[in-house]
Amino acid sequence: MTRDSLTPFMSKGNESAISPRRGEDFPEWYQQVVRSAEMAENSEVRGCMVIRPWGYALWERMQGALDAMFKATGHKNAYFPLFIPLSHLQKEADHVEGFAKECAVVTHHRLELHDGKLVPAGELTEPLIVRPTSETIIGATYAKWVKSYRDLPILLNQWANVVRWELRPRLFLRTAEFLWQEGHTAHETEAEAIVETEKMLGVYGEFAENWLAIPVIRGEKSESERFPGAVRTYCIEAMVQDRKAIQAGTSHFLGQNFAKASGIKFLSRNNTEELAWTTSWGVSTRLIGTLLMAHGDDDGAVMPPRIAATQVLIIPITPKPDTRDAVLAKAEEVAATLRSASYAGEALRVEIDARDLGGGVKSWEWIKKGVPLRIEIGPRDLESRSAAVARRDKGPKEKEFLSVDSLAARVPDLLAEIQQNLLDRALAFRREHTRKIDTKEEFYAYFTPQNSEKPEIHGGFALAHWNGSSEVEAKIKEDLKVTIRCIPEESEEFPIEPGICPFTGEQSARRVIFGKAY
RNA sequence: CGGGGCGUAGCUCAGCUUGGUAGAGCGCUUGGUUUGGGACCAAGAAGUCGCAGGUUCGAAUCCUGUCGCCCCGACCA
């Protein structure tokens, strides 16, 4: 007997569901994960994506959790226009500088048929831009609303789409149109606005870690990475599995820049005319890409239970027609029992996949989609009152048989374990690939791929001293495509310790985080 | 917008050098056998070969133009 004749049962053998694997070609792996998890796909329009139901459900979960956190911190939702008069954008010089190059511009408002072709007609007297962000139009609105210190603070958020005409789109990470939320607040005092900026950064950090199981570094951006028009930009920065950094959320202290540009003025308690202090903060559908790159494995997406749209997927195994109904009934019963249990303060989200397909096919589909727990119930389980339970954070073939009567009690614990495991895993990964570096040579070696023909995954985060100059930053960026991801908030992991800048030999007040970024 | 590559079935691609009228695998549909881990057999549907011109008796194949996509740079959440 040849070896080949022994293997027809395992036609796919030990192959991973996603090809190439992460280590082979990370960008391609990512695209395959997005596609095979049915999260999104490219659309007819360059740079724009179709977010599929499984991807949109994830976004809805993110919206739900964040929205509750915004409300809990005193914010209300509102909606501002998609179109912004061109003249508005012009008011804040840095802002123009930052966004002008990627604005979609609306110049006409009508189409006419000429020789069978539709052509734009009805030219607008003033072109409109499609919002790349809404500081300007919201500022103009706030200017009308604010007359007195009694009108402050204004604490609003909007859920919206924005357009930034990107030249090199990537699903979720960088698309021409994307979904996000943007908070915009106006305050009486500088101190109050700074508190707000920091508070919302805290909200994002908590959300990333507690819900997405993604450890993030809270910090401030250097001048060159700052939001156009901001006085200070804070961020949460995550490391994904190719060891690159991704900015997962930002919070900006805008000082009085936008208030000045938009005329947000009020009469103070001292009867003097003052400019308001404003902030803005946002996260986008980029979080979905971040999540996939942080937790995904060679079999596809891995959803942390707390954010997963479906936490438990029940697969009825129905090999024989005569037991089919009984198995399906048992699956329904188990689903109902589980739905009455809860995890992290919410009822369990349980689905049954009763499609008439082979069990293996269905399992792999849900593995690729990243459902945290799969429960298989077959005819043999009816007798033994058991079910096969598989965790997405373990190997695809690892199954544990549990008594169906224990599921309602056990599943919430399993979900909690998975959630914790994903966070621990991601944190360990980041720590493993974060290094204190004190010489220029080591720094350059760290960020230079061994094989320049086909650059492998290398480097990570470097904790290095820096003299604070933009020139040094620019030089490093030019040489290595490495930038300062953030100046981290002081913590046990990132203590403030003075030293010597390895690039200039000058004094440095503290280490900052360098890395390659998305 | 600069440099490189590629457009052939839903997807991945072969065919092109040397023109002769459309192929494979996967997927899909139907029927049967299967089903506790990506099943098998049989039958079937599916492409104006990116688009427009040109050369030719004849173009997926050669020529010109054009559009789109991907990768590398510049820019960015």
Side-chain angles (χ1 to χ4, degrees), chain A residues 8-19 25 27-28 31-32 35-36 41-47 97-103 132-133 162-170 172-182 204 221 224-225 227-228 233 235-238 245-252 280-290 299-300 315-321 323-324 327 356-368 374-382 384 386-388 390 395-399 401 452-455 477-478 481 483 517-518:
Chain A
F9 324 99
M10 35 188 297
S11 53
K12 292 268 180 167
N14 292 320
E15 273 179 43
S16 58
I18 301 296
S19 168
D25 185 344
E28 179 61 23
Q31 297 207 56
Q32 296 300 329
R35 200 168 66 97
S36 48
E41 59 192 40
N42 282 311
S43 72
E44 303 280 304
V45 184
R46 177 182 163 75
E97 173 95 24
F99 287 109
K101 280 170 288 188
E102 47 191 43
C103 280
T133 179
V162 286
V163 168
R164 296 180 189 175
W165 212 260
E166 294 293 346
L167 300 172
R168 285 183 59 189
R170 291 185 66 185
F172 291 121
L173 301 176
R174 198 188 298 109
T175 49
E177 180 193 15
F178 58 94
L179 306 182
W180 77 347
Q181 61 65 218
E182 45 181 326
Y204 290 151
K221 286 295 187 187
S224 63
E225 297 278 325
F227 175 76
T233 287
C235 61
I236 53 170
E237 211 62 38
I246 185 161
Q247 181 174 310
T250 49
S251 185
H252 314 292
S280 68
W281 28 275
V283 296
S284 72
T285 37
R286 183 179 237 205
L287 282 175
I288 295 174
T290 306
D299 290 319
I315 301 175
I317 307 291
T318 54
K320 302 273 188 286
T323 52
R324 186 181 157 82
V327 168
D356 186 21
L357 289 171
V361 174
K362 285 195 277 194
S363 284
W364 281 107
E365 219 172 273
W366 291 106
I367 287 169
K368 286 185 279 191
R374 302 187 308 285
I375 299 181
E376 293 174 7
I377 301 175
R380 296 207 293 271
D381 303 319
L382 298 181
S384 60
S386 64
K397 312 244 151 123
E398 284 182 53
K399 282 193 276 197
F401 283 86
S452 57
E453 295 296 304
K454 185 177 175 288
K477 185 173 179 180
E478 192 190 323
K481 284 180 250 164
T483 50
Y518 273 93

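Letters A, B, ... mirror the listed sequences (proteins, then strands); counts begin at 1. Below, each value reflects all heavy atoms present in this structure, side chains not excepted, and no hydrogens, waters or symmetry copies.
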Within the structure shown, what part of the strands sits under 4.0 Å from [X] by heavy-atom distance: base, sugar-phosphate, or nothing?
{"X": "Leu179(A)", "result": "nothing"}
{"X": "Asn42(A)", "result": "nothing"}
{"X": "Gly358(A)", "result": "base"}
{"X": "Pro396(A)", "result": "base"}
{"X": "Arg374(A)", "result": "base"}

Partner nucleotide of [N] by Watson-Crick or wobble geometry (both distances under 3.5 Å):
{"N": "rG31(B)", "answer": "rC41(B)"}
{"N": "rG2(B)", "answer": "rC72(B)"}
{"N": "rA9(B)", "answer": "none"}

Partners meeting ring-ring contact (aromatic ring centres under 6.0 Å, His included) with Phe99(A) (sequence neighbours left out): His95(A), Phe227(A)
Those residues that, when tested against Trp180(A), pass ring-ring contact (aromatic ring centres under 6.0 Å, His included) (two or more places apart): Phe178(A)
Lys399(A) (side chain) and rG37(B) (base): donor-acceptor pair under 3.5 Å: yes
Test side-chain contact (heavy atoms from CB on, under 4.5 Å) applied to Asp299(A) - qualifying residues, sequence neighbours left out: Ser16(A), Ala17(A), Asp297(A), Trp364(A), Ile367(A), Arg392(A), Pro396(A)
Under the side-chain contact (heavy atoms from CB on, under 4.5 Å) test, residues paired with Lys221(A) that sit two or more places apart: Glu225(A), Thr233(A), Cys235(A), Glu237(A), Gln247(A), Arg485(A)
Contacts of type salt bridge (Lys or Arg N to Asp or Glu O under 4.0 Å), residue Lys368(A), not counting sequence neighbours: none
Heavy-atom side-chain proximity of Trp281(A) to Gln181(A) below 4.5 angstrom: yes
Closest to the Trp364(A) side chain, choosing from rG37(B), rC11(B), rA39(B): rG37(B)
Can you name the atoms? Protein N/O to nucleotides 74-77 of chain B N/O, anything below 3.5 Å, with the distance.
unit_1: rC76(B); atom_1: O2'; unit_2: Glu166(A); atom_2: OE2; d: 3.4
unit_1: rC76(B); atom_1: O2; unit_2: Arg174(A); atom_2: NE; d: 2.7
unit_1: rC76(B); atom_1: N3; unit_2: Arg174(A); atom_2: NE; d: 3.1
unit_1: rC76(B); atom_1: N3; unit_2: Arg174(A); atom_2: NH2; d: 3.4
unit_1: rA77(B); atom_1: O3'; unit_2: Gln247(A); atom_2: NE2; d: 3.4
unit_1: rA77(B); atom_1: O3'; unit_2: Arg286(A); atom_2: NH1; d: 3.2
unit_1: rA77(B); atom_1: O2'; unit_2: Gln247(A); atom_2: O; d: 3.4
unit_1: rA77(B); atom_1: O2'; unit_2: Arg286(A); atom_2: NE; d: 3.3
unit_1: rA77(B); atom_1: O2'; unit_2: Arg286(A); atom_2: NH1; d: 2.4
unit_1: rA77(B); atom_1: N6; unit_2: Thr175(A); atom_2: N; d: 3.4
unit_1: rA77(B); atom_1: N6; unit_2: Thr175(A); atom_2: O; d: 2.7

Pairwise C1' distance, rA52(B) and rG7(B) [rounded to whole Å]: 15 Å
